[in-house]
Protein chains: 2
Amino acid sequence: MAQVRPMRADARRNYERLLKVAVEAFAEHGEGASLDDIAKRAGVGSGTLYRHFPTRQALLEAAYLDRIEALAARADTLAAERPPGEALGEWLYELGVGMIRMRGLRALLGPAVTEGDAAVATACGDSVRNAADRLVRAARQEGTLRPDVEPMDVLRLAHGVTTASELADAEGRQIRRYLGLLMEGLGPRDR
Amino acid sequence: MAQVRPMRADARRNYERLLKVAVEAFAEHGEGASLDDIAKRAGVGSGTLYRHFPTRQALLEAAYLDRIEALAARADTLAAERPPGEALGEWLYELGVGMIRMRGLRALLGPAVTEGDAAVATACGDSVRNAADRLVRAARQEGTLRPDVEPMDVLRLAHGVTTASELADAEGRQIRRYLGLLMEGLGPRDR
DNA sequence: ACCTGAACACCGTTCAAGT
DNA sequence: ACCTGAACACCGTTCAAGT
C-alpha cells in the first residue's frame with residue numbers, strides 16, 4: 001500500500017470545504033445536487049472538485065464516511081446489548097432512518113448491495129456489509145432468521161422497505177411498521 | 001365533461017409517433033431518457049412534444065396506459081381463477097416483473113402510491129389502486145392477509161421489494177423469492 | 001390549430017493556462 | 001502540485017415565427 005502523502009495546505013482546505021458543503025447540498029437537494037453549485041458554494045473551481053472526487057459516488061462516499069462508520073460501530077453495540085434478532089431489527093431501523101434523513105446515503109448504499117461483479121469494493125460498502133454479516137449470522141444461529149437468507153438479501157430488502165416507507169410519506173413515518181412486516185417474513189417458517 | 005375534439009390529422013400522427021418512440025427510449029435508457037432525443041427520433045420539434053405531454057409524467061402515463069389497463073384486467077382474471085391470497089401474490093409478481101422489464105413503469109407507479117395529498121389522481125394510478133383494492137379486500141376476508149394492512153401498503157411494499165430485487169441483479173431474478181418473503185410477513189400472525 | 005427550431009438557462013466534464 | 005475558469009456537449013423548456 002502506497003503511503004498517502006499529506007496534502008498541500010490549500011488542497012486540504014479545499015477538500016474539507018467541499019465535503020462540508022456537499023453534505024449540506026445533498027441534504028437540501030438530494031443525491032442529484034448540482035456539483036457545479038457545490039464547487040461554487042465552496043469557493044473553488046469546478047476542476048478542483050473533480051480532482052478530489054472524480055465521480056459523484058466518490059463525493060458521496062467521502063461525505064458520509066463517518067456516519068457509515070458510526071453505523072458499523074453501532075452494530076457491535078447492539079449485538080452486545082440485545083438478543084441477535086432484536087439487534088438486527090433495530091440496526092436495520094437505524095440504517096433506514098439514516099437513509100431517509102440523509103438523502104444521498106441511500107444513493108451511496110444502493111450500489112454497495114448490487115451484484116456488481118466488480119468495482120463495488122468501496123470502503124463504505126465493506127463496512128456496511130461486514131456489519132450486516134455479523135448481525136445476520138448471529139440471528140441465524142439463534143433461530144430467529146431463516147437460514148436461507150443472506151446478509152445481502154437483508155440489506156437489499158431493508159433498502160427496498162425504506163424506499164417503500166418514503167413513498168408513504170417523505171418523513172418515513174411508516175418505516176418501523178414496514179420493517180416489522182419484513183422481519184416477520186424473514187423469521188423461521190412455522191406452519 | 002368536455003367532449004374531446006378529434007385531433008387534426010398531423011397532430012394525431014405526431015402524437016402516436018411520439019408514444020411509440022417514447023416506449024422504445026424508456027426501455028433503452030430508463031425513465032430519464034432524453035426528451036429532446038425522443039422528439040428528434042420521432043421527427044418532430046421539441047415544442048410539439050411539450051404541447052402533447054407537458055410533463056415527463058404525462059408522457060410516461062400515456063406510454064404505459066395500455067399495459068396498466070392490462071394489469072388491472074389481469075387482477076380480475078386472477079381473482080376469478082385462484083384463491084384470494086394466491087391471486088394477490090401472483091398479481092404482485094406480474095406487476096413487479098412489468099416494472100423491471102419496462103423501465104419507466106416504476107417511475108410512473110411511484111407517485112401513484114405516494115401520499116400526495118393532491119395531484120395523484122391520475123388515470124393510471126386509479127387503475128392500479130382499484131385493482132389492488134379488490135385483491136387485498138378478498139385476501140383479508142379469506143384470512144390470508146393481516147387485517148391491518150391497507151392496499152396502499154401492499155403496493156408500496158411490492159414496489160420496494162421490486163427495487164430490492166433489481167439491486168440483486170438487473171434482470172430481477174430474485175423477485176419471486178423476495179416477494180415470497182414479503183407475503184410471509186403480510187400473512188396472519190400465528191404464534 | 002398546430003408545428004418548428006432558435007434561444008435561454010443549467011449542468012457535467014475536460015483541459016490549457018496560471019501560480 | 002494544485003487551482004482556475006473558459007470551453008464544449010448536452011438537456012429541459014419556452015416562445016416568436018411560420019403554415
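In what follows, chains carry the letters A, B, and so on, assigned in the order in which the sequence lines appear, proteins first and then strands, with residues in each chain numbered from 1. Remember, predicted model here, so these are calculated numbers, not experimental data.
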Asks: So which nucleotide from D:dT4, D:dC2, D:dG12 ends up closest to the side chain of B:Arg56?
Replies: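 Output: D:dG12.
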Asks: Considering all heavy atoms of both residues, which atom of B:Tyr178 and which atom of B:Val161 are nearest to each other, and what is their separation?
Replies: CB-CG1, 3.6 Å
Asks: Distance check, rounded to the nearest 0.5 Å: B:Asn14 atom CG versus B:Arg8 atom CZ?
Replies: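 Answer for the CG-CZ pair, B:Asn14 versus B:Arg8, is 9.5 Å.
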Asks: Quick one: pull up CD1 in B:Ile38 and NE2 in B:His29 and give me the separation to the nearest 0.5 Å.
Replies: 9.5 Å
Asks: For A:Met7 and D:dC3, what is the distance between atoms CE and C1' respectively, to the nearest whole Å?
Replies: 14 Å
Asks: Between C:dC3 atom C1' and B:Phe53 atom CZ, what is the distance in whole Å?
Replies: 15 Å
Asks: Which nucleotide, if any, forms a Watson-Crick or G-U wobble pair with C:dA17, using both distances under 3.5 Å?
Replies: none
Asks: For A:Lys40 and C:dG12, what is the distance between atoms NZ and P respectively, to the nearest whole Å?
Replies: 10 Å
Asks: Expressed as a whole number of angstroms, how long is the span from A:Glu31:CD to C:dG12:P?
Replies: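 Checked: the CD to P distance equals 12 Å.
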Asks: Picking from D:dT14, C:dT4, C:dT13, which would you name as closest to the side chain of A:Ser46?
Replies: C:dT13
Asks: Provide, to the nearest angstrom, the distance between the CG atom belonging to A:Asp10 and the P atom belonging to C:dG18.
Replies: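 Value for this atom pair: 19 Å.
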Asks: Rounded to whole Å, please give me the gap between CZ in B:Arg41 and C1' in D:dC10.
Replies: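 Taking CZ of B:Arg41 and C1' of D:dC10, I get 15 Å after rounding.
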Asks: If C:dC8 has a Watson-Crick or G-U wobble mate with both distances under 3.5 Å, name it; if not, just say none.
Replies: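 Partner of C:dC8: D:dG12.
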Asks: Pick the closest DNA chain C nucleotide for B:Arg8 and for B:Gly47 by heavy atoms, then say which residue is nearer the 5' end.
Replies: B:Arg8
Asks: Between A:Asn14 and D:dC3, is there a side-chain N or O to OP1/OP2 distance below 4.0 Å?
Replies: yes
Asks: Out of D:dT13, D:dC2, D:dT4, which has the shortest distance to the side chain of B:Tyr50?
Replies: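 The closest nucleotide is D:dT13.
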Asks: Can you see if the side chain of B:His52 gets near the phosphate of C:dC3 - specifically, an N or O under 4.0 Å from OP1 or OP2?
Replies: yes
Asks: Tell me what A:Asp37 touches on the nucleic acid: a base, only sugar-phosphate, or nothing, going by heavy atoms under 4.0 Å.
Replies: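 No contact.
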Asks: Take atom CD in B:Glu142; do more than 12 heavy atoms of anything else shown fall under 6.0 Å from it?
Replies: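 Counting other residues, nucleotides and ligands, CD of B:Glu142 exceeds 12 neighbours.
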Asks: Calculate the interatomic distance between B:Arg51 atom CZ and C:dC3 atom P; express it in whole Å.
Replies: 6 Å
Asks: Round to the nearest Å and state the distance from B:Leu49 atom CG to D:dC15 atom C1'.
Replies: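 Distance, rounded to whole Å: 16 Å.
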Asks: Could you tell me whether B:Arg176 sits above the aromatic face of B:Tyr93, with NZ or CZ closer than 6.0 angstrom to the six-membered ring centre and within 45 degrees of the axis?
Replies: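 Judged by the rule (NZ or CZ under 6.0 Å from the ring centre, within 45° of its axis), B:Arg176 counts as positioned above B:Tyr93.
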Asks: Looking at the side chain of A:Ser34, which of D:dC3, C:dC11, D:dT4 is the nearest nucleotide?
Replies: C:dC11
Asks: From the list D:dC3, C:dC11, C:dT13, which nucleotide is the closest neighbour of the side chain of A:Leu35?
Replies: C:dT13
